[in-house]
Amino acid sequence: MTGTDTPWGRWEPAPLPEVAALFSAGTASLAGTAGPAGVAGSSRPVRGAPWWIAGGYAVELAVGRAFRDHGDIDVLLLRRDQLAAQRALPGWQWWAADPPGALRPWAAGEILPDHVHDIWCRPGPAEPWRIQVMLDESDGTGTEWISHRDSRVRRPVEALGALTPESVPYLAPEVQLYYKARDPRPKDEEDFAAALPVLSPGARRWLVAALDRTYGRHPWSRRVAAAGIERVR
């Protein structure tokens, strides 16, 4: 982990085990009981909000080793579950990127507008930023993930990530690489190079199809093809 200075204060990312513990406890607290239409009081359990470690840490978890420094740590939530972030981080400060490129306080219980995809979180005003929460879209049932970058790129929520041996959920590397591909920075190129050997044939085909659909013929598609995976048309 490395610290990073920004116009809104310093970033010192929280350790991965701490983030996992906070979100495991916070999202589980959403579980309760509900009736057939979500009416409280029934004996039928409600599943907690899904979440995934995202960003460069997700790639490292998929690869199985650390290979670079990180200026932040990301957690992905579905937009419909956004208030799970406040429950996971009670007493913290939450600031929404609204509009993108600026920060403003996120009030308790406030439902953020659809153009907000990033939330910065810190324990207090004198503390560095520790966790970034990213919001992404889903269908009305919450069972299908929909990329906010291109609504044609979709995937079942249950197939959006994987679990570490310690049961920490992380975003599937092909999905994370899809987001990194829009304007790759050196660290994104490093993540792609590290992740490519561990992608399954199905993951490689999915990535190429998503890249081509959103960005046209992408340089990463050629590198996937060069690795021996037939391009999906």
Side-chain angles (χ1 to χ4, degrees), residues 1-4 11-31 47-90 92 94 97 117-123 128-138 142 145-149 155-181 185 187-188 190-196 198-200 203 206-207 210:
M1 294 180 293
T2 59
T4 305
W11 260 98
E12 292 183 8
L16 177 58
E18 177 184 336
V19 176
L22 287 167
F23 277 83
S24 292
T27 56
S29 70
L30 289 174
R47 184 178 181 181
W51 61 276
W52 302 266
I53 296 293
Y57 276 104
V59 175
E60 288 190 340
L61 290 174
V63 171
R65 61 182 175 85
F67 56 84
R68 68 171 176 86
D69 291 331
H70 300 272
D72 60 11
I73 188 166
D74 304 315
V75 173
L76 180 71
L77 288 171
L78 300 179
R79 182 173 300 279
R80 59 180 277 161
D81 299 323
Q82 61 186 268
L83 295 182
Q86 296 186 353
R87 294 181 175 92
L89 305 172
W92 285 45
W94 322 298
H117 298 286
D118 298 291
I119 304 155
W120 289 20
C121 306
R122 61 187 178 187
W129 301 105
R130 306 301 306 277
I131 299 171
Q132 177 171 252
V133 176
M134 303 190 301
L135 303 179
D136 217 341
E137 314 310 318
S138 62
W145 163 78
I146 303 171
S147 169
H148 72 266
R149 190 119 350 126
R155 191 170 195 162
V157 168
E158 64 182 12
L160 193 56
L163 290 173
T164 69
E166 296 76 31
S167 296
V168 176
Y170 62 92
L171 193 61
E174 62 271 23
V175 178
Q176 186 60 68
L177 293 175
Y178 165 75
Y179 275 123
K180 286 175 169 286
R185 302 156 292 182
K187 66 179 182 179
D188 301 322
E190 188 175 1
D191 288 347
F192 175 78
L196 181 57
V198 305
L199 295 181
S200 69
W206 184 94
L207 177 59

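The first residue of the sequence shown is numbered 1, and numbering continues consecutively from there. These figures come from a predicted structure and were not determined experimentally.
Under the side-chain hydrogen bond (donor to acceptor under 3.5 Å, both in side chains) criterion, W129 pairs with no residue at all, not counting sequence neighbours.
What you find for L22 and A88 is that their closest heavy atoms are O-CB, 3.7 Å. When all heavy atoms of F67 and V63 are compared, the closest pair comes out as CE2-CG2, 4.3 Å. Across all their heavy atoms, P13 and H70 have their closest contact at CG-O, 3.7 Å. Residues A84 and T27 come closest through the heavy atom pair CB-CG2, 4.0 Å. Heavy atoms only, all atoms of each residue included: P173 and A195 are closest at CB-CB, 4.5 Å. The two residues A194 and R65 make their nearest non-hydrogen contact at CB-NH2, 4.4 Å.
Applying the side chain to side chain donor-acceptor pair (under 3.5 Å) rule to pairs touching residues 167-177 yields R155-E174, sequence neighbours excluded.
Side-chain atoms of W145 and L171, non-hydrogen and from C-beta on, never get closer than 4.5 Å to each other. In this structure, E12 and R122 have side chains that are not in contact, with every pair of non-hydrogen atoms separated by 4.5 Å or more. Using a 4.5 Å cut-off on side-chain heavy atoms (C-beta onward), V59 and F192 make no contact. The closest side-chain heavy-atom distance from L61 to W52 is not below 4.5 Å. When side chains are defined from C-beta on, Y178 counts as touching R149, because their heavy atoms get closer than 4.5 Å.
Rounding to the nearest 0.5 Å places CG of L160 at 7.5 Å from CG of L78. Here the CG-CG distance, from L199 to L177, works out to 6.0 Å after rounding to the nearest 0.5 Å. Between the CZ atom of R130 and the CH2 atom of W11 there is a distance of 9.0 Å, given to the nearest 0.5 Å. In this structure, Q132 CD and D74 CG are separated by 4.5 Å, a value rounded to the nearest 0.5 Å. In this structure, E60 CD and T164 OG1 are separated by 13.5 Å, a value rounded to the nearest 0.5 Å. Residue I119 holds its CD1 atom at 11.5 Å from CD1 of I131, rounded to the nearest 0.5 Å.
Under the 3.5 Å distance criterion, the side-chain polar atoms of W94 are matched with a main-chain donor or acceptor of L89. The backbone N or O of D188 sits nowhere less than 3.5 Å from a side-chain atom of D191 that would complete a donor-acceptor pair.
L135 pairs in a side chain to side chain contact (heavy atoms under 4.5 Å, CB included) with only one of the listed residues (D81, L77, D118), which is L77.
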